[in-house]
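Written below as structure tokens is the structure these notes are about.
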2 protein chains.
Amino acid sequence: MKCKTIEFKDGVLKLIDQRKLPGIVNFYEARTYKEVEFAIADMVVRGAPAIGATAAYGVYLAALEFKDLNREDFLVKVFEADKELAAARPTAVNLTWAIRRMEKLLKANQDKSRDELLSLLLKEADKIVREDIEINKKMARYGNEIVPEGATVLTHCNTGALATVDYGTALGVIREAHYSGKNIQVYADETRPRLQGARLTAFELVEEGIPVTLIADSVAATLIRDGKIDLILVGADRIAANGDTANKIGTYMLSELALKFAVPFYIVAPTSTIDFEIVNGKEIEIEERSAEEVTHIKGVRIAPEGIKVYNPAFDVTPAENITGIITEKGIVLPPFREELAKLKG
Amino acid sequence: MKCKTIEFKDGVLKLIDQRKLPGIVNFYEARTYKEVEFAIADMVVRGAPAIGATAAYGVYLAALEFKDLNREDFLVKVFEADKELAAARPTAVNLTWAIRRMEKLLKANQDKSRDELLSLLLKEADKIVREDIEINKKMARYGNEIVPEGATVLTHCNTGALATVDYGTALGVIREAHYSGKNIQVYADETRPRLQGARLTAFELVEEGIPVTLIADSVAATLIRDGKIDLILVGADRIAANGDTANKIGTYMLSELALKFAVPFYIVAPTSTIDFEIVNGKEIEIEERSAEEVTHIKGVRIAPEGIKVYNPAFDVTPAENITGIITEKGIVLPPFREELAKLKG
């Protein structure tokens, strides 16, 4: 993508403000971990891998903020900040994965000089960013193996360069298939209520000239039934040890139709999205977001005052509805519990 | 409802402007059949029964406009106008049903004086309006029989007083259940892209104090799976002779989930919605509406310039996914081809 989703330079984390796309290309600058926390909670930045990388800089910025405290206070304060960062959004496990990785480094090097420690933390965050791009490229190559020539691919939400550091997960596979000359077409669900499909996926694909048709979320079912979709590719926010997958609300519905009409349904996600600590999807906390996301669009009220709203941000697709999980270590096929366990560590 | 959806007085058809609800309660006035045609095409008025009643006044206004022509020219002109009215929206059969009913009267009385004929036409349109309310009340009473005490009911689009002359089809059943003290709760799908659920159903239910929770369309699937929905009630725009039912886009998806999780799924529609001339749903023309309905909300652009859009207004739910069809003549159960045929004529 032309603009970088995440960039850290001279002590400033620069994020493309995804709340305003595609109309306005604006950047949000975070100089403190609190500003990073806000950016994640308010969805300035979103997408499981992207919020992981963002949070890593949040940990660094917290360490920078508290660097003049004594060691004990320093550690207490940074770990408190980490907790706040981790609580900014509860469902995507990449967030805690990145924070834990930073904390591990911090603990291992707490005896080093503060400046040395800060330098190590910054390098680690930069490394997470670099690795994310590499991981996406690897997933894209593995994923491309299962994309048929001339396929029509359905995707949901945004899993592209904007959801990651660059390239994307499910959209990374779509990019790879397109650039390898497979002549694919994409249907993008608009993805209510935040419209990540209409605003972000459409934006990325139109920008790169990848053929895309935008649909309301409820149109997908008939396309699947009528044989118009060859493949469904979606991302993930958290994958349980048995393969149950939390992803953007609406994913589950697609998986049921895919199952019924035998359309291959793949999750594309880095192994950092797998949460081996939870046995199945029932243990995944589903974030509920504000009513305003449903009752207002760009500040314009579309529902009557006083209406009650139920607005879960994610749903869980059961492992049995999933054809395969495309990771940077290869494509995982059922039985997922056994096969995912092999990727552990 | 406090405001009337459709009212004809002193040569003016007054329609509540549903494009602007719930924010603005405004009225659209039609004095010519062309203005009626626009109101239907642009969805000032929508909902299969409501556009039927509206079109009946359109035929009357056409007759009024051409009343000074000689008989031959008069008939030609009025029938031409009827064709334009019928083409305003292709899917809902109530539109052609109402127009044909008016034409039948016109043909049978073409020898009468022009004033007498006009008076008959106006009376017929008024009768369609009165009958629609009676029919809705009858459907509501039949429908209420299958609503369990304390049920949580899911509905889609708007099938209320705003979709009919008054009371509603599926929402009429919900009203009846509520007012008969059954202590029901409603989940309303927002119904993208036109948001009839968020704007109209929510508006009607909030106004009457019927407990309602608004959801994005893709939330329904998990509610159904998780046993949170006891009953699904939707309307219809056209029912084929075999029971296949065209209704607002998104209905089909609900029916698949209902089938899988054994949630009763009922269509509520007057017998004027049944099109005995078509054998099954494959013959139903599905209206495709403009891209702007998906790319803009209240004039605000939410998708990038140049994006291609596929925007079907309806989908077809196969008869085998339908538990029953609630009509003013009773509840029709499978086998639908045989049972619907009994209602003919």
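Just so it is clear: chains get the letters A, B, ... in the order the sequence lines come, proteins before strands, and each one is counted from 1. Since this is a predicted model, take the numbers as computed values, not measurements. What's counted below: heavy atoms across the whole structure, side chains too, no hydrogens, waters or symmetry copies.
When each of A:Asp315, A:Thr201, A:Ile297, A:Asn311 is scored by its heavy-atom pairs under 4.5 Å with chain B, the top score falls to A:Ile297.
There is no contact between A:Glu293 and chain B, counting heavy-atom distances below 4.5 Å. Heavy-atom distances place no part of B:Ile286 under 4.5 Å from chain A, backbone and side chain included. Contacts between A:Lys260 and chain B at a heavy-atom distance below 4.5 Å involve the side chain alone, from C-beta outward. At a 4.5 Å heavy-atom cutoff, the contact between B:Ile302 and chain A is made by backbone and side-chain atoms alike. Heavy atoms of B:Val294 lying under 4.5 Å from chain A belong to its backbone as well as its side chain. The part of B:Tyr252 that comes within reach of chain A is its side chain, from C-beta onward, which places non-hydrogen atoms under 4.5 angstrom from that chain. Both the backbone and the side chain of B:Pro304 have a heavy atom closer than 4.5 Å to some heavy atom of chain A. In this structure, chain A has a heavy atom under 4.5 Å from the side chain of B:Phe261, while its backbone stays farther away. Proximity to chain B (any heavy atom under 4.5 Å) is restricted, for A:Val206, to the side chain, taken from C-beta onward. Heavy atoms closer than 4.5 Å to chain A are found in the side chain of B:Leu195, but not in its backbone. Heavy atoms closer than 4.5 Å to chain B are found in the side chain of A:Leu257, but not in its backbone. Proximity to chain A (any heavy atom under 4.5 Å) is restricted, for B:Arg301, to the backbone atoms N, CA, C and O.
The environment of NZ in A:Lys182 is crowded: more than 12 heavy-atom neighbours from other residues, nucleotides or ligands sit within 6.0 Å. Within a 6.0 Å sphere centred on CD of B:Glu320, heavy atoms belonging to other residues, nucleotides or ligands number more than 12.
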(message) Assess the residue pair B:Arg46 and B:Asn158 against the criterion (side chain to side chain donor-acceptor pair (under 3.5 Å)); give the C-alpha distance rounded to whole Å, side-chain angles, the decisive distance to 0.1 Å, and a yes or no.
(response) CA-CA 9 Å; B:Arg46 27 64 53 201; B:Asn158 174 265; 3.0 Å; yes

Between side-chain atoms of residues 220-235 of chain A and protein atoms elsewhere (two or more places apart, or another chain), which donor-acceptor pairs fall under 3.5 Å?
{"residue": "A:Thr222", "atom": "OG1", "partner": "A:Val219", "partner atom": "O", "Å": "3.0"}
{"residue": "A:Arg225", "atom": "NH1", "partner": "B:Val316", "partner atom": "O", "Å": "2.8"}
{"residue": "A:Asp230", "atom": "OD2", "partner": "A:Thr152", "partner atom": "N", "Å": "2.8"}

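When B:Asp244, B:Thr245, B:Asp275 are each tested for a side-chain contact (heavy atoms from CB on, under 4.5 Å) with B:Arg238, only one passes: B:Asp275.
A:Lys248 places a side-chain N or O within donor-acceptor distance of the main-chain N or O of A:Ala313, the cut-off being under 3.5 Å.
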